[in-house]
Amino acid sequence: MGTASQVKDLLPYRLTVPATDPDSRPCPTQAGVAAVERSNDQVADLLQEYADLIAITGGDAFKVRVYEKAARSVGGYARDISGMGLGELRGIPNVGASIAAKIDEFLHTGAIHQLEELRTKIPAGVRMLTVIPSLGPKKAVTLYEELGIDSIDSLEAAIRAGLLHGLHGFGPKTEENLLHGIELMHKASERVDLGVGMGIAEEIVTALRQVPGCERCVYAGSLRRMKDTVGDIDVLATSREPATLMEAFTRLPSTGEVIAHGDTKTSIRTVAGLQVDLRVVPADSWGAALQYFTGSRAHNIRTREIAVHKKLKLSEYGLFDVATGEKIASTDEADVYGRLGLPWIPPTLREDNGEIEAALRGELPPLVTEDDLRGDLHTHTNLTDGLAPLEEMAAAAAERGYAYLAVTDHAPDLYMQRMTDEKALAQRERIRTLDGNFRGMRLLHGTELNIGPEGTVDWPPEFLAGFDLCVASLHSYFTQSREETTRRLLRACENPHIKIIGHPTARLIGRREPVDADWDAVFTACACTGTALEIDAFPDRLDLPAELARRALGKGVRFAIDSDAHAVPHLANMRYGVGTAQRGWLTTDQVINTWPLDRLLRFLQEGRQ
DNA sequence: GCCGTTTTCGGCCCGACTGTTTTCAGTCG
């Protein structure tokens, strides 16, 4: 979570919609979701944009960094800034007089005039160029000034036309990298990550529920199945006044263009380019419609086949007896499944990956839920690259009802984080002192080690022995061969102090491919050594991915679902980690942070003496 | 532009990597 990843967060859809809504409560049932975008996120986006524009216009690099830092501080600030005065705004870290004034101006007028001025000088497309990996502000401005390139499309055309030949600093390898980056962008822009999709969906659902006549309104589709990326959003509603609801949908602030506008279905594209379908169904079809629109397609085919074998017909309107045409079930999803001879199947399993067979045998797993989590085992504070002090992170974690929290700041090998032995020991002292001050929650002192290219980590065994918990993760050398990466991960597993491998594939959804490793070998090693694999809940990570988690499950591996929080609002990302764990068929027995403290502590101590 | 047990100026995370250079600029984490 550095400045670079902040810059990469500026994908088109991120300009208007935050990845996470820190005010929303974890809520798999979608009841009472409050999902209006926080002013914090809007301001964070504007400050980051300001930083980018200063960089592109060749402004002071330190100033750029300050605005980036301020953007992160505001975005990660626990309190909602709307309504805060100048004095309070200045209390936010990295916000001084000048930035506080800009925020204040935004809160009162909805704009920052200095930003508006910069925007007139640099076309938005030039800033968008920096979203391409390996293309920063310097190269972007060269392209713009020398060749007038002001969009990703015009860049691609220019490369293919050979216009970059001879341009200072742009050799053949750079061209190749740019084309590859553009390709990656195109792939990514077709889908958005779970967090972005959820943000948009909850905002729309919340808005539609306010419309007169609306009775029920939820999102369905791949979002309800918690897929790690979504290509569009399906919203399902019942209403006494369907036309009013449809009309309201087309007029939402987030609606960019109306693609189709009918009696039961309206499709729009948001200003950020994501398609959203709203379907209004009769109230007594609710269950069948929800089942149908949740999918997946493959799962629906299977359920319909089962219906056919029972001389029934299943559609979005209900389950019908073919002979008599009589409606047998439709109002309730569980009822529809029940009449097919199946238990209700959790949406996260509906992929036709064996869930139908398991359901028929009565062997659906009791999936881990967010309520089962007793703690978070991977979090950061402002001692390294987190935003909040230890006390704030602990208070917020206790607020979530956790029984334990591990603070796992980075270790010295990530040089930029400036960790030292002294700092780590001082933090441990602080943690021991504070332990018990947060609703009885147990504070554990951990660290996130860096797994080096040879599989070694930052500290020697005798120093590692002092930590309650060591997480170890890959942060570099992502392009090593499969053999090298596998050996590296195995060596980390064999270190008796390492109990969790953090974000094991190191993928960044839409931006970085997972590392290549012999995963079955890694899973076997994890099972043998008692090393848990993390499911990192950050919506652009979701790592381990669900498919790999399920494979690891078969080998007897344990897991930790962690937020990897770098700020208080990130603690709420847990729901995405839980969704991913469910898609991996995990139950509480395999997830170590659902265990009571004493069982967890035994696990963390095993083999360390 | 922010910050301060180095406090109103002077420093600000800084080293690795890549591709372009011919001694270094730009990007990334």
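A, B, ... follow the sequence lines: proteins, then strands. Residue 1 opens every chain.
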Exercise. How many Å lie between CG on A/L47 and C1' on B/dG1, as a whole number?
Worked result: 12 Å
Exercise. Roughly how many Å is it from CG in A/L508 to P in B/dC28, rounded to a whole number?
Worked result: 13 Å
Exercise. Side chain of A/R418: nearest nucleotide among B/dC13, B/dT27, B/dG1?
Worked result: B/dC13
Exercise. Within the structure, does a side-chain N or O atom of A/Y67 lie under 4.0 Å from either OP1 or OP2 of B/dC2?
Worked result: no
Exercise. Is there a donor-acceptor pair closer than 3.5 Å between any side-chain N or O of A/E448 and the backbone N or O of A/A411?
Worked result: no
Exercise. For A/R65 and B/dC13, is the shortest distance between a side-chain N/O and OP1 or OP2 below 4.0 Å?
Worked result: yes
Exercise. What integer number of Å spans the P atoms of B/dT20 and B/dC9?
Worked result: 46 Å
For this session: Let me know the distance between NZ of A/K138 and P of B/dC28, rounded to the nearest Å.
Result: 12 Å
Problem set entry | Euclidean distance for P, B/dG10 against B/dA16 (whole angstrom) | 30 Å
Exercise. Is it the case that A/R551 places NZ or CZ above or below the six-membered ring of A/F523, under 6.0 angstrom from the centre and within 45 degrees of the axis?
Worked result: no
Exercise. How about A/F467 and A/H497: are their ring centroids closer than 6.0 Å?
Worked result: no
For this session: Would you indicate which nucleotide in B/dG19, B/dG1, B/dG26 comes nearest to any side-chain atom of A/T174?
Result: B/dG19
Problem set entry | Spacing of the P atoms in B/dT6 and B/dG11 (rounded, Å) | 15 Å
Problem set entry | Phosphate-side-chain proximity, A/N177 and B/dT18, N/O vs OP1/OP2 below 4.0 Å | no
Exercise. NA contact type, A/V64, heavy-atom cut-off 4.0 Å: base, sugar-phosphate, or nothing?
Worked result: nothing
For this session: Starting from P on B/dG19, measure out to CD on A/E175 and report it in whole angstrom.
Result: 13 Å
Problem set entry | Given B/dG1, B/dG19, B/dT27, the nucleotide with the shortest approach to the side chain of A/I99 | B/dG1
Exercise. Roughly how far, to the nearest 0.5 Å, is the CH2 atom of A/W459 from the OG1 atom of A/T447?
Worked result: 4.5 Å
For this session: Return yes when atom CD of A/E462 has more than 12 non-hydrogen atoms of other residues, nucleotides or ligands closer than 6.0 Å, and no otherwise.
Result: yes
For this session: Please state how far atom CZ in A/R90 lies from atom P in B/dC2, giving the value in whole angstrom units.
Result: 7 Å
Problem set entry | 5' precedence on DNA chain B between A/V95 and A/F170 (nearest-nucleotide basis) | A/V95
Problem set entry | Side-chain N or O of A/S134 closer than 4.0 Å to phosphate OP1/OP2 of B/dG26 | no
For this session: Name the residue closer to the 5' end of DNA chain B, choosing between A/R512 and A/H168 according to the nucleotide with the nearest heavy atom.
Result: A/H168
Seminar exercise, completed: From CG of A/L135 across to C1' of B/dT18 the rounded distance in Å is 14 Å
Exercise. On a whole-Å scale, what distance lies between the C1' atoms belonging to B/dT7 and B/dC2?
Worked result: 12 Å
Problem set entry | Sugar-phosphate only, base, or nothing, as touched by A/Y477 at under 4.0 Å among non-hydrogen atoms | sugar-phosphate
Exercise. What integer distance in Å separates A/H165:NE2 from B/dT20:P?
Worked result: 12 Å
Exercise. Atom CD of A/E68 to atom P of B/dC13: distance rounded to whole Å?
Worked result: 11 Å
Problem set entry | Side chains of A/T384 and A/D409, donor plus acceptor under 3.5 Å | yes
Exercise. Heavy atoms under 4.0 Å, any strand shown: does A/A97 hit a base, just sugar-phosphate, or nothing?
Worked result: sugar-phosphate
Exercise. P atom, B/dC13 versus B/dT22: distance in rounded Å?
Worked result: 31 Å
Exercise. With A/D52, which of A/R65, A/R119, A/R127 fulfils salt bridge (charged side-chain N to carboxylate O under 4.0 Å, His left out)?
Worked result: A/R127
Problem set entry | C1' gap between B/dT5 and B/dG1, integer Å | 23 Å
Exercise. Between B/dT23 and B/dT18, how far is it from one P atom to the other, in whole Å?
Worked result: 22 Å
Exercise. Quantified in whole Å, what is the C1' atom distance between nucleotide B/dT8 and nucleotide B/dC3?
Worked result: 10 Å
Exercise. If pairing requires Watson-Crick or G-U wobble contacts with both distances under 3.5 Å, which nucleotide is the partner of B/dT8?
Worked result: none
